**Q** 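Following this message is one structure expressed as structure tokens.
In what follows, chains carry the letters A, B, and so on, assigned in the order in which the sequence lines appear, proteins first and then strands, with residues in each chain numbered from 1. Everything quoted here is computed from the prediction, not taken from an experiment.
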Amino acid sequence: MPSGDKILELDGANMDIDLTSGDTEWEPGRRRQTMLWKGERLGLTYENAGTKSRPKVRVGVFSGKKLPPDFIDELRKEIVWRFNLDMDLSAFYKDVGNDPILKPAIRRFYGLRPMSPNSLYEYLIIDIVLQNTVVRRSVSMLQSLFEHYGTLLEYDNKRLWCYWEPAVLAEAGEQELRDLKVGYRAKSLVRVSESFAEGRINEFDLRQKSAKEQEEALLSLYGIGPASVGYIMFDALHRFDYMKNISPWEQKIYTHIFFKMDHEKHLVPVSKMLKRFERWGRWKGLAVNYAWENIWWKRRNERIPWLEKEIRL
DNA sequence: CGGCAGGTGCGGA
DNA sequence: TCCGCACCTGCC
């Protein structure tokens, strides 16, 4: 099938921060991704099995044991949620699709939707290792956690790590984690894991709550602040109108993308940015995301000097 | 070597 | 509410 006919590239991770670590691997037309679901460690493969007009994803499930039909059915529903496959983007395209900034991005990323292949707990772990460091070290920290607490699965001729249950990190304790060079993040990792292990936060309950309640619950977790909440609200809870925090490095990039200015000459204030984004109303988070992905995609083919300076790997 | 990084909690104004 | 500051570690 010609690649131009695909609606889903299935390259999962964002173009910018690719925290590709032990649990997933991509090759053209095929993504492998492990999943810890209802206590089972699964090896999944995702393949494009449709067309632009009739999109379809085929998922292969590898497991050490025979899985009953109702397990598979629940798994299917979970995958549909995580990848946000039921989302209807037509209203978004109709409402803001003629915006000159968004038009080329929508053409390029037609069908793209906020999603996360991970559970909420796993996403929080990723957020914590991303904090206040460079991507290289985040990857190294996550890899180290996999090697000490994860399970190595072999399926489909590959070996990939699978996440651990929250209780495992909760019981590991702060010092043991510090020894893995995660630094002061050890405390956050333990405390967030405890919150899940003790049932004080539950992903499935949280999905049913209002955006405000979700935000409060997430912020109450130790080590989770406005930046992490922003990513989770968007990717994991599919609140694509949530847009509160703009970090300094995002502010620099937005200054170029949305205001066509050099941030070194004039850094546009966050308040002004938020006001500008209001033009996209309930679509603002999604609109910003499309433009964001677009600039990273462009970087693959052409040099963007102002952007290069902002990248730390 | 010091400085600093795709943040956050904390204490004090 | 809004600041300034400390914080593991590793790389520049």
**Q** Are A:Y123 and A:L36 connected into the same hydrophobic cluster when the rule is that any two of I, L, V, M, F, W, Y join if their side-chain heavy atoms are below 4.5 Å apart?
**A** no
**Q** Considering only B:dG9, C:dT9, B:dG6, which nucleotide approaches the side chain of A:R137 most closely?
**A**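 Closest nucleotide to the A:R137 side chain: C:dT9.
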**Q** Answer whether the closest heavy-atom distance between the side chains of A:L160 and A:Y155 falls below 4.5 Å.
**A** yes
**Q** Base, sugar-phosphate, or nothing: which does A:G225 touch, judged by heavy atoms less than 4.0 Å apart?
**A** sugar-phosphate
**Q** Would A:K52 and A:Y110 count as a cation-pi pair here, with the cationic atom under 6.0 angstrom from the ring centre and within 45° of the axis?
**A**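 Judged by the rule, A:K52 and A:Y110 form a cation-pi pair.
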**Q** Let's test your reading of the pairing rules: Watson-Crick or G-U wobble, both distances under 3.5 Å, then write DNA chain B as a dot-bracket string with ( ), [ ], | and dots.
**A** .||||.|||||||
**Q** Report the C-alpha distance between A:W81 and A:H238 in whole Å, list the side-chain angles of each, state the deciding distance to 0.1 Å, and finish with yes or no for ring pair (Phe, Tyr, Trp, His ring centres under 6.0 Å).
**A** CA-CA 9 Å; A:W81 164 267; A:H238 309 155; 4.3 Å; yes
**Q** What's the CG-C1' distance between A:N132 and B:dT8, to the nearest Å?
**A**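 After rounding, the gap between these two atoms is 9 Å.
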**Q** Separation of A:M141 atom CE from C:dC11 atom C1', in whole Å?
**A** 13 Å
**Q** Is the cationic atom of A:R108 (NZ for Lys, CZ for Arg) positioned less than 6.0 Å from the six-membered ring centroid of A:W297 and within 45 degrees of its normal?
**A**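 Yes; both conditions hold, so A:R108 lies above the ring face of A:W297.
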**Q** Using a heavy-atom cut-off of under 4.0 Å over every strand shown, decide if A:S188 touches base, sugar-phosphate, or nothing.
**A**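 No contact.
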**Q** Separation of A:E174 atom CD from C:dC7 atom P, in whole Å?
**A**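 Distance check: A:E174 CD to C:dC7 P gives 14 Å.
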**Q** Please step through ring pair (Phe, Tyr, Trp, His ring centres under 6.0 Å) for the pair A:F277 and A:Y254, ending with a clear verdict.
**A** CA-CA 11 Å; A:F277 297 157; A:Y254 291 173; 5.7 Å; yes
**Q** Distance check needed: C:dC8 P versus A:L142 CG, whole Å only.
**A**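 A:L142 atom CG is separated from C:dC8 atom P by 21 Å.
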**Q** In this structure, how many angstroms lie between the P atom of C:dG10 and the CD atom of A:Q131, rounded?
**A**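 About 17 Å, once rounded to whole Å.
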**Q** Nearest whole Å is fine: how far is C:dC7 P from A:K181 NZ?
**A**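 About 17 Å, once rounded to whole Å.
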**Q** Can you measure A:Y184 atom OH to C:dC5 atom P for me and round it to whole angstrom units?
**A**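 After rounding, the gap between these two atoms is 17 Å.
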**Q** Could you check whether A:L221 gets within reach of a base, just the sugar-phosphate, or nothing at all, counting any heavy atom under 4.0 Å?
**A**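 Sugar-phosphate, backbone atoms only, no base.
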**Q** Please tell me if A:S138 has a side-chain N or O lying less than 4.0 Å from either OP1 or OP2 of B:dG6.
**A** no
**Q** Across the strands shown, which category fits A:I128 at heavy-atom distances under 4.0 angstrom: base, sugar-phosphate, nothing?
**A** nothing
**Q** Does B:dG6 fall in syn (glycosidic angle within 90° of 0) or anti?
**A** syn
**Q** Rounded to whole Å, how long is the line connecting atom CG of A:L130 with atom P of B:dG6?
**A** 10 Å
**Q** Out of C:dC8, B:dG6, B:dG7, which nucleotide sits closest to the side chain of A:V134?
**A**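 From the listed options, B:dG6 comes nearest.
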**Q** Within the structure, does a side-chain N or O atom of A:R136 lie under 4.0 Å from either OP1 or OP2 of C:dC11?
**A**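 No, no such contact exists.
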**Q** Work out how far the P atom of C:dC3 is from that of B:dG6, and round it to whole angstrom.
**A**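 Comparing P positions in C:dC3 and B:dG6 gives a spacing of 22 Å.
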**Q** Do A:R30 and A:Y46 meet the cation-pi criteria used here (NZ or CZ under 6.0 Å from the six-membered ring centre, within 45° of the axis)?
**A**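 Not flagged: A:R30 not positioned over aromatic ring of A:Y46.
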**Q** Quick check: on DNA chain B, is the nucleotide nearest A:P248 upstream (toward 5') of the one nearest A:K187, or the reverse? Name the residue that is more 5'.
**A** A:P248
**Q** Between A:L307 and A:K298, does the side chain to side chain contact (heavy atoms under 4.5 Å, CB included) criterion hold? Intermediate values first, please.
**A** CA-CA 11 Å; A:L307 186 55; A:K298 275 187 187 167; over 6 Å; no
**Q** Mark yes or no for a side-chain to base donor-acceptor pair under 3.5 Å between A:Y231 and B:dG7, with no hydrogen or angle criteria applied.
**A**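 Check fails, no donor-acceptor contact within cut-off.
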**Q** Look at all strands and tell whether A:R185 reaches a base, only sugar-phosphate, or nothing, counting heavy atoms closer than 4.0 Å.
**A** base
**Q** Quote, to the nearest angstrom, the P distance that separates B:dG11 from C:dC8.
**A**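 The same atom, P, in both gives a distance of 15 Å.
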**Q** Hey, does A:P226 reach any base, or is it just sugar-phosphate, or nothing, if we go heavy atoms under 4.0 Å?
**A**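 Since only primed, P, OP1 and OP2 atoms lie under 4.0 Å of A:P226, the category is sugar-phosphate.
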